[in-house]
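Below is one structure, written out as structure tokens, with a few remarks after it.
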Amino acid sequence: MKIASVIVDVPTMQTDRAFDYSIPHAWQGKILPGMRVIVPFGPRKVQGFVIGIKDKSEAKKLKDLVRPMDLTPVLNEDLLTMADWLTKQTLCFKISALQVMLPAAMKAKYEKKIILNPVKRDFLDEEAASLFINKDEVSWKDAEEAGLLPLLQKEIKSGNLDVFYSVKSKGRKKTVQKFYPAVQREKMKEEIDALPANAEKQKAVLRYFISLNSNEGITTKEAADSAGASLAVLKSLADKGLLIKKQEEIYRNPFSHKTFQKTSPLPLTEEQEGAIAPILEAIEQKKHETFLLYGVTGSGKTEVYLQSIQQVYEQGKEAIVLVPEISLTPQMVNRFKGRFGNDVAVLHSGLSAGEKYDEWRKIQRKEVKVVVGARSAIFAPFENLGIIIIDEEHEASYKQEENPRYHARDVAIYRAKQYHCPVILGSATPSMETFARAQKGVYKQLTLSKRMNAGELPSVSIVDMREELRSGNRSMFSEELFEKLQDRLHKGEQTVLFLNRRGHSSFIMCRDCGYVAQCPQCDISLTYHRFSNSMKCHYCGYETGVPETCPECDSEHIRYFGTGTQKVEEELAKLLPEARVIRMDVDTTSRKGSHERLLDSFGEGQADILLGTQMIAKGLDFPNITLVGVLSADTMLHLPDFRSAEKTFQLLTQVSGRAGRHELPGEVVIQTYTPEHYSIELAGSQDYDAFYHKEMIMRKMGSYPPFYYLSLITISHEDLLKVVGAAEKITKFLQSRLSPQSIVLGPAASPIPRINNRYRYQCLIKYKREPELPSILKTVLEHSQQQKASEGLTISIDVNPYMMM
DNA sequence: AGCACGCCGACT
DNA sequence: GTCGGCGTGCTC
């Protein structure tokens, strides 16, 4: 007898292992690893993943599995292997590693129901019977809400009612009714004459079928369009045996309203030729290698991607292209669909769960060769991968901030090793980690230093807002920016105003000299805490009072910071009432498609100014934009995050790239209170290399990546004392187990010290080599799970964190 | 995570 | 003597 090893959908420490089930005869040989199954688990039924088939089991008694949920495996062998790796790498539950690889629509939907035993209907209590008048099941939840549980439970006990657990996949396949011809054309012609004279519509339908050159079926909509026939007409033809009704599965097509202009490979520049050659060679030799494609904005990285994919495509292999969520714009999709047509699937958060499911199935059925998508597309179920491309490699959105806390770049490299294929990491401003690896030769660096159409980089001017204040300008627009804004309005050219919302009110700064309170031990900005009216460091726990006057210049203009897009919009309305402004932020783009609509109308020239946050930093490519204004370049700089300088530099460089991409020359105005900060200065001169060198020195001094790896442990509980106690215990344990070269910081309160009434403490480990760390961290998890005193204690571990909160 | 089992206090 | 509170431990 065959036995299936199953990982059940119960994400807890105690159930984080395989459970064995015997396979009923009917399913023998049909249950394969990688399939989803429904299994009994205790008194209920749950979804599970088959991870193996075997002949023997250690377990004393086995239950039969109920049934498979799939006809073919939804996870292939390589993905199963990778799930194991992911579990160890990120210290997540096995089930989480499996679930993350599938679209959300394939998650299980559980329902507990009370069903009527039909024979016992007459035995029911009157009130209970009234619930089952024209149905034989009631949802448990509904019964509970109606306060009918006690009554029904009595009936359950006496056997008149049964409890039933249903497990379903959340997503549904979309189907459509189609009618096919059931007889030959000749026969149809005869039938037309045989039909009664008043059966006009039926005759029309038959004539339409005869006119078709294939045996294709038609939908009711097609019938209406071509023959003016309704469903009733088709049905009566079906009743006569002339047509056959079929329920057919179709894909929801999010791009149905679009046609794609077919494009062909563009001639490459010499630089591009040089960059693509080693990639093509790796593809030819079926060799795994990671490339850093380091190319300034507009240097033609995408064409290099496209032609690399072309090569893979010609070998009959598949490609995954990752793009950050916010730049997964229609423009981007067009470029890939234009080149590879219907062989492209697109996966991003703008699609509904059903649409994502459909795109995923296209991949699974090998109906496409190329996937363009956000982070999770890295798990696309291809089996013959030829290349993985990660565009804008430095983007933080490639790191998942919930379990499993993976980084798409790491997963990409793992998968590429499995398939002996290359990875391309593309960026104009690579992350420190990636660039350092390229410098060391771990990754192969390919450089594109010239803009394609030899376009000039925009001229950047940095405005010192402290000066503005001194000269009496208290507005959020500097003289220079305001003048240029007016100028563009007169000329009918467009402006993009960029505002960073992050870092809102969280740091204290002197408006006169730009002083920002820093932690003396960590070189990290202190965070202002309104509640306790104090300044804190979230890395080491240092705390100090809020200064009344600036410690540097004694000014009294020291205060906490932050402005929102709405406020800017109001001020614009006051200062430039004739300007037409489009505001783009989370509030105005929450509805589906609104992002695209706003951008389209800006592109069509329906507004003079586009005002927005993060989301307008990328992909925006309109010829009429000649001015980019960054209202406050430093908001991000003072976040309690060692990557803040890097992020600031990347963002400013990115935003600057929006101006003057075509004939008209572009200008950029960056407003800041810290013009001397290297990230701002060097973003102004667009000098990545200088920034890299400066930032590496800072990272080295602070023992941060890429010199050290990080792992962040966050402990939370309702009771503050328990959190502190547990955090201290964990810190001590780590210190005792880790090598002396490793640094354990904390415990200190998390940047957000309380969420949902739970206190949060964290502990940061910095290390260079700690091969035992995963198992040590696993011990931490298991240990704290066992301790009875620790009920309610949550410990989350983030290996290589991106968000330090 | 659920859910049953089981052992104690408040009631018919 | 029973109902139901939630602490404890298991789920192939």
Side-chain angles (χ1 to χ4, degrees), chain A residues 1-25 27-28 31-33 35-69 87 92-100 104 107-115 139-145 147-159 161-168 170 402-404 716-719 722 756 758 781-796:
Chain A
M1 188 176 62
K2 289 286 183 186
I3 291 159
S5 263
V6 176
I7 304 291
V8 292
D9 179 20
V10 184
T12 63
M13 192 119 254
Q14 298 147 72
T15 52
D16 189 32
R17 61 193 171 86
F19 287 83
D20 292 342
Y21 291 88
S22 43
I23 301 173
H25 282 291
W27 304 112
Q28 289 279 349
I31 303 276
L32 301 167
M35 278 186 182
R36 296 177 303 159
V37 286
I38 295 172
V39 292
F41 198 64
R44 60 209 169 112
K45 277 184 286 184
V46 296
Q47 188 188 62
F49 287 84
V50 178
I51 55 159
I53 302 291
K54 51 189 188 178
D55 297 305
K56 273 205 193 86
S57 173
E58 307 285 286
K60 283 187 200 80
K61 50 184 178 205
L62 295 184
K63 285 186 189 171
D64 275 1
L65 57 79
V66 179
R67 62 183 167 86
M69 293 177 84
T87 302
C92 68
F93 298 126
K94 293 183 172 67
I95 187 67
S96 316
L98 294 165
Q99 305 250 56
V100 77
K107 263 195 152 176
K109 203 174 91 189
Y110 298 104
E111 209 182 345
K112 189 176 175 181
K113 288 187 278 197
I114 300 163
I115 55 171
S139 114
W140 182 280
K141 223 174 114 214
D142 291 351
E144 196 170 27
E145 275 160 19
L148 292 164
L149 269 192
L151 173 77
L152 294 176
Q153 268 171 324
K154 223 173 276 168
E155 300 282 4
I156 291 163
K157 248 188 195 153
S158 46
L161 295 174
D162 294 311
V163 179
F164 183 80
Y165 296 84
S166 100
V167 184
K168 269 191 236 151
K170 257 188 202 153
E402 60 204 57
N403 275 327
S716 74
H717 193 276
E718 286 181 357
D719 182 349
K722 277 191 179 148
N756 283 333
R758 294 176 69 86
L781 283 175
E782 281 163 0
H783 228 79
S784 33
Q785 187 74 33
Q786 282 163 15
Q787 283 171 355
K788 293 196 180 88
S790 71
E791 6 155 340
L793 198 72
T794 315
I795 296 178
S796 92

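A note on names: the letters A, B, ... follow the listed sequences, proteins ahead of strands, and every chain is numbered from 1. Just the heavy atoms: all of them, side chains too, but no hydrogens, waters or symmetry mates, feed the values below. Because the structure is a prediction, the values reported are computed rather than measured.
Here F41(A) counts as stacked on dT11(C): its ring centre is under 5.5 angstrom from the base ring centre and the planes meet at under 30°.
The nearest whole Å value for the distance from the CD atom in Q47(A) to the C1' atom in dG2(B) is 16 Å. Atom-to-atom, CH2 of W140(A) to P of dA1(B) comes out at 20 Å; the value is rounded to the nearest Å. Straight-line distance from the NZ atom of K54(A) to the C1' atom of dC12(C): 9 Å, rounded to whole Å. Taking atom CD1 of I38(A) as the reference point, atom P of dC12(C) lies 15 Å away to the nearest angstrom. Here dT11(C) presents its P atom at 18 Å from CG of D9(A), a figure rounded to the nearest Å. Between the OH atom of Y21(A) and the P atom of dT11(C) there is a distance of 10 Å, given to the nearest Å. A straight line from CD of Q14(A) to P of dC3(B) spans 16 Å, rounded to a whole angstrom. Straight-line distance from the CG atom of D20(A) to the P atom of dT11(C): 13 Å, rounded to whole Å.
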Carefully, step by step, assess K141(A) and K112(A) under the rule side-chain contact (heavy atoms from CB on, under 4.5 Å). CA-CA 7 Å; K141(A) 223 174 114 214; K112(A) 189 176 175 181; over 6 Å; no
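The side-chain heavy atoms of I7(A) and F19(A), taken from C-beta on, include no pair separated by under 4.5 Å. Residues D9(A) and L98(A) fail the side-chain proximity criterion, which asks for heavy atoms closer than 4.5 Å.
Look at R44(A) and you'll find a side-chain N or O under 4.0 angstrom from OP1 or OP2 of dG2(B). Side-chain N/O atoms of Y110(A) include none lying less than 4.0 angstrom from OP1 or OP2 on dG2(B). Taking only side-chain nitrogens and oxygens, K63(A) never comes nearer than 4.0 Å to OP1 or OP2 of dT11(C). In terms of phosphate contacts, K61(A) brings no side-chain nitrogen or oxygen within less than 4.0 Å of OP1 or OP2 of dC12(C).
Nucleic acid contact for K112(A): sugar-phosphate only, since backbone atoms but no base atoms lie under 4.0 Å from a heavy atom of the residue.
A side-chain donor-acceptor contact under 3.5 Å links K63(A) to the backbone of G42(A).
Under the 4.0 Å criterion applied to side-chain N and carboxylate O atoms, D20(A) and K54(A) are assigned as salt-bridge partners.
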